[in-house]
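For the numbers below, each heavy atom of this structure counts, side chains included, while hydrogens, waters and symmetry mates do not.
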Amino acid sequence: MESQLKMPFKLHSNYQPTGDQPQAIEALVAGLQQGTKDQVLLGVTGSGKTFTIANVIEKTQKPTLVIAHNKTLAAQLYQELRDFFPRNAVSYFVSYYDYYQPEAYLPSSDTYIEKEATINEEIDKLRLAATTHLMTRPDVIIVASVSCIYSLGSPVDYNRFILEVVEGELIDRQSLLMQLSNLQYERSDSDLLRGSYRLRGDVIQVWPAYQDTAVRIETLSDRIVSIRDIDPISGSIIEKAPSKFYKNNMALIYPAKHYAVEVKSQKEAMAEIRRDLNERVEELKKIGKNIEAYRLEHKVNYDLEMIQEFGSVNGIENYSRYFDGRQPGEPPYTLLDYFKYNQEKFGFDSFLTVIDESHISIPQIKGMYFGDRSRKETLINYGFRLPAAIDNRPLQLHEFLERKQQSIYVSATPSEWELKMSQNRVVEQIIRPTGLLDPIIDIRPTKQQIEDLTLEIIKRKKISQRVLVTTLTKKMAEALSDYLNDPEKINALVKKSKEFADQEIIYPQVAYLHSDVETLDRSDILDDLRGGKYDVLVGINLLREGLDLPEVSLVAILDADQEGFLRSSTSLIQTMGRAARHVDGQVILYADKVTKSMDSAIKETTRRRQIQETYNLKHQISPVGINKPIREKLLQRQEKDQNNNKNQKSILLKISNKEQLNLTAINPEELTPGEKQALIKKLRTQMKKAANELDFELAGIIRDKIKAIES
């Protein structure tokens, strides 16, 4: 154990902490070493908050859970931390559903909606890898979405089901195969798939569900002769690097799923389910709900038959309390329990929880429980589920707080809740290493705000700068986009302006961005803004967290004096911060009065600007604009004129510099068997490439196309 704990978190980076990063790192580390439970890192956009957290992890040597409020931000943080800690176990843990329709009942229309879900196998592998790392290694960093507060199997049960195979060990081969089945590995007589095993003479091949390599176990006369890592596709042997955690002549195989239950426990759980079913049926009949009683009896008995016959059923998670051995109302096991297990196993005093964009993540964590409970109560009341279904749930906020141990809340705009939790222990990281300043703020009247804004946009169009505009409604965003894209209206306006008299007008290209815009289109629009296809982006609340657009020099906020969520102090600070990535950053607030939120946001932004100015002057730093390359897309989309000039989306997949595939245009019926085989091989390579780069939407599209060709 001692040798394992000497394995440090080792940060690899070409950069050294600069600006106020050193003092932020020192203060956070000191707080953690003193046992402080909650701290706040108030870090502005572009100040290098992730680098600061990476330094804190290295200096404190604590296993760390990083929580982000959506998959996209989680993926970005995962990639950054994976680069910072290439020799440590950095994992990604988010919801593994490509598509998820929860089970529900709508009494008003008497509509029952069955649960539908499509599991992304690559994300499932990453989730299993995360929990396996927590079982086996002390140097673990996991970047997760709020799915980390949802139910998992018990870590004690999960760890009890380890299969340890050692070279030279005497073991009956049939017993070994039975143990693999108990770990929920499925036997395959043809292809070796993730989470399966197959028998080839005296050789057993197992593909652990949580890794990219398979294990080849050669047996002879009930003795393990050799254990080698192999490529699961080609079967070629992979030389394994020396491990600091266990010897190379052995293999540790963990369960293929997070729920692992002994046969004896399963029988006991099913007997308890039947007892609760009988009680609930009698209860429903007593209050005159005979239809509901019949419905429940029929459904639960069917589920039990499926579990007994096949080991699972659609919606088995609704019975998780019985299989976990929990009491009614007792919270489920979650990823935080696996961290607790890791902490105790490797002798850490605590683990660290970092909550990114905490002003959004904490309310999200708080709201998960109530939405889930409301849906479940309706199902229970109408006889679709046993009352125990309510215990398959996310953690409540107080349960999460009890389990998270030491934490750092990271936000540019921490809410009162985080400040209260940390007892105002706030570590500020205001200074940007680039010297960039928070934007200059200008307040202008709402009268003729559209005309004034249009002239400001034309100015920036001439010098190839970009503009973001926030409105209060979708309709206004669309109407403003239409107005700015109308040359006649802009011509009429410019003629009235002395500033642009006798000047050639270069018309801006404008797009709008709101929740009705598809996810893939959203990313394309943002890249097109950076690339210059668009000069202006109009939106509502989607222009705050997670947008890094260094080409934007102006942020205009219409109707800034309309108090509410979209014009709160927090929202205003976040939105104005989008202009802090440009040397000429400016914000225009169109308002007829200065609200309390405006006043607070302006004062805070001005304070941050003054701190940066003082630092720049002291160190003779001139602000430098950020030159951030636009990441090349694996997936390219273009408009193609087909069917009487009706626009249809084409999906272009880049195979190489000289070859592209139009996925939309592939017709399996037109391909020969040889062409299908060659095409599937190419698509599988691209699917794995997309998954490795965390582009799971693209991987899912390619997977569906492969299935269509195969069928």
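Closest heavy-atom contact between Ile238 and Asp231: CD1-N, 3.6 Å. Between Val140 and His133, the closest heavy-atom pair is CG2-O, 3.5 Å. Residues Val215 and Ile230 come closest through the heavy atom pair N-CG1, 4.4 Å. For the pair Gln405 and Ser350, the tightest heavy-atom approach, listed with the atom from each and the gap, is OE1-CA, 3.1 Å. When all heavy atoms of Glu103 and Arg385 are compared, the pair lying nearest together is OE1-NE, 2.9 Å. When all heavy atoms of Phe93 and Ser147 are compared, the pair lying nearest together is O-OG, 3.9 Å.
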Next on the checklist: Determine whether Phe351 and Phe339 satisfy the following criterion, ring pair (Phe, Tyr, Trp, His ring centres under 6.0 Å), listing intermediate values before the conclusion.
Outcome noted: CA-CA 7 Å; Phe351 65 87; Phe339 266 96; 5.1 Å; yes
Checklist entry - Passes side chain to side chain contact (heavy atoms under 4.5 Å, CB included), Phe400 versus Leu336? Steps please. => result CA-CA 8 Å; Phe400 168 76; Leu336 288 110; 4.1 Å; yes
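Test Glu402, Arg326, Arg403 against Pro331 for side-chain contact (heavy atoms from CB on, under 4.5 Å) and you get one pass: Arg403.
Atom CD1 of residue Ile706 and atom CD1 of residue Ile666 lie 9.5 Å apart, to the nearest 0.5 angstrom. Of the inter-residue distances, the one linking Ile171 atom CD1 with Asp222 atom CG reads 9.0 Å to the nearest 0.5 angstrom. The structure places CG of Leu134 at 6.0 Å from CG of Leu335, a figure rounded to the nearest 0.5 Å. Here the straight-line distance linking atom CZ of Arg187 with atom CD1 of Ile204 works out to 9.0 Å at 0.5 Å rounding. To the nearest 0.5 angstrom, Glu58 atom CD is 6.0 Å from Phe85 atom CZ.
Look at Lys62 and Asp349 and you find a salt bridge, because one of the NZ, NE, NH1 or NH2 atoms lies within 4.0 Å of a carboxylate O, short of that distance. At a threshold of 4.0 Å, the pair Arg393-Glu399 counts as salt-bridged, since one of the basic side-chain nitrogens sits closer than that to a carboxylate oxygen. Comment: Arg684 engages Glu710 in a salt bridge, judged by a side-chain N to carboxylate O separation of less than 4.0 angstrom. Salt bridge present: Asp202 and Arg173 bring a charged side-chain N and a carboxylate O closer than 4.0 Å. A salt bridge links Asp212 to Lys125: at least one charged side-chain nitrogen sits closer than 4.0 Å to a carboxylate oxygen.
There is a side-chain donor-acceptor pair under 3.5 Å between Tyr322 and Asp276.
The aromatic rings of Phe51 and Tyr15 stand perpendicular to each other, their planes meeting at an angle above 60°, with 30° marking the opposite boundary.
Evaluation of the ring pair (Phe, Tyr, Trp, His ring centres under 6.0 Å) rule for Tyr254 yields Tyr158 as partners, not counting sequence neighbours.
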